[in-house]
Amino acid sequence: MEPYSVPAARGPWPVSTLLGRLDSTIAAELVAVGRRRTALAGEVLVSQGGQERTLILLLSGAAKVVATTESGHQALLAVRVGGDCVGEMGALDGAPRSATVTACGPMDLVVVTQAVLDTQLDRHPRLSLEFGRTIADRLRWANRRRLEFGGYPVKVRLARLLTELALEHGRRGPEGTRLPFRLTQPELAALTGAAETTVHKALRELRAEGLVETGYGATVLRRPERLRALAEEA
């Protein structure tokens with residue numbers, strides 16, 4: 001894991017996101033060539049199995065990426081925030097959408113068609129590079145999750161997950177590092193590959209140790225450095 005430091009913003013977006021990584025001129029052009037719109041809390045931005053070949057750039061807010069199995073079980077795969085993109089795989093290869101993306105709250109976003117995206121990727125080699133890096137980062141993150149499922153106790157998995165989310169999306173404040181979205185216990189269970197009851201117990205222990213505070217609409221890492229130390233004990 002990287003040294004603990006909440007990413008600075010590059011322009012309006014954190015450097016851990018696609019738009020935050022890009023030169024401001026390229027980012028502004030990519031935003032300008034798409035169709036801007038707003039979304040409300042709970043609105044579906046991408047539907048699993050859908051055939052749309054568009055890339056969605058999130059300008060603000062947060063969205064959850066959820067996949068449904070054939071048995072009907074839903075699993076939270078990731079959380080995306082302002083500066084991130086969603087739907088990148090379908091925009092590249094035209095295959096059906098592999099997950100559903102839902103707005104956690106009011107959002108501003110930009111919809112970029114596949115043809116326009118192809119033009120921008122040809123026009124800006126740097127955009128192609130950062131786009132590829134974004135996909136590689138997501139694959140690496142998913143691989144780490146799978147490896148950790150059987151390799152670490154649930155409490156350590158949870159500490160590692162919260163630390164990574166804080167590194168990517170956290171907002172440092174006087175009370176600690178706040179995640180700009182709410183994760184329910186079933187969602188934390190999905191992200192850590194654990195039973196909900198086990199996650200409940202691990203989360204209760206982290207709260208009792210003063211490391212994490214959870215409440216309506218917020219998760220705060222009270223002592224992020226100590227939580228990171230726990231994550232690295234394994």
Side-chain angles (χ1 to χ4, degrees), residues 17-18 37 39-58 61-81 84-105 107 109-114 117-118 131-165 168-169 179-203 214 217 219:
T17 65
L18 173 65
R37 74 177 191 85
L40 301 176
E43 183 174 340
V44 174
L45 310 180
V46 173
S47 296
Q48 184 173 345
Q51 299 288 340
E52 305 86 358
R53 298 184 178 185
T54 53
L55 175 76
I56 298 178
L57 301 171
L58 309 181
K64 294 179 179 180
V65 183
V66 177
T68 303
T69 66
E70 292 182 359
S71 64
H73 173 71
Q74 290 190 332
L76 178 66
L77 303 181
V79 177
R80 304 290 180 230
V81 298
D84 278 328
C85 62
V86 297
E88 67 281 356
M89 301 302 290
L92 286 176
D93 63 12
R97 302 296 198 183
S98 58
T100 295
V101 182
T102 305
C104 298
M107 304 185 71
L109 52 92
V110 170
V111 181
V112 181
T113 66
Q114 185 181 45
L117 176 62
D118 288 346
F131 200 70
R133 284 177 173 169
T134 296
I135 294 173
D137 284 349
R138 293 178 178 182
L139 289 173
R140 190 174 294 111
W141 194 87
N143 286 338
R144 282 202 303 271
R145 295 280 76 76
R146 284 193 289 269
L147 289 171
E148 289 173 0
F149 285 171
Y152 299 114
V154 173
K155 185 176 178 180
V156 173
R157 284 186 242 166
L158 188 57
R160 291 175 70 89
L161 171 67
L162 292 174
T163 297
E164 285 197 22
L165 290 175
E168 295 175 1
H169 309 304
L179 300 180
F181 43 78
R182 178 177 179 268
L183 292 174
T184 65
Q185 289 187 20
E187 289 168 342
L188 289 172
L191 286 173
T192 55
E196 187 178 342
T197 53
T198 311
V199 167
H200 176 77
K201 179 176 180 293
L203 198 58
T214 58
T219 299

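Note that the structure is a prediction, hence the values are computed from the model and not measured. Below, all heavy atoms of this structure are taken into account, side chains as well, without hydrogens, waters or symmetry copies.
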Between atom [atom1] of [X] and atom [atom2] of [Y], what is the distance when rounded to the nearest 0.5 Å?
X	Y	atom1	atom2	value
Leu45	Glu52	CG	CD	11.0 Å
Leu161	Leu191	CG	CG	5.5 Å
Leu109	Leu55	CG	CG	11.0 Å
Tyr152	Arg160	OH	CZ	4.5 Å
Gln48	Thr68	CD	OG1	5.0 Å
Gln74	Glu187	CD	CD	9.5 Å

Derivation and outcome, side-chain contact (heavy atoms from CB on, under 4.5 Å), residues Val101 and Ile56:
CA-CA 10 Å; Val101 182; Ile56 298 178; over 6 Å; no

Could you tell me whether the side chain of [Y] reaches within less than 4.5 Å of the side chain of [X], counting heavy atoms only?
X	Y	answer
Leu162	Leu179	yes
Leu58	Thr17	no
Asp84	Arg138	yes
Leu92	Ile135	yes
Val66	Thr102	no

For [X] and [Y], work out which heavy atoms get closest and say how close.
X	Y	result
Leu76	Ala78	CD1-O, 3.5 Å
Met107	Gly105	CG-O, 3.1 Å
Val199	Leu158	O-CD2, 4.4 Å
Leu77	Trp141	O-CZ3, 3.4 Å
Arg97	Gly87	NH1-O, 2.9 Å
Ala67	Ser98	CB-O, 4.0 Å

Arg80/Glu88 ion pair, N-O < 4.0 Å
no

Is a side-chain donor or acceptor of Arg157 paired with a backbone partner of Gly193 at a separation under 3.5 angstrom?
yes

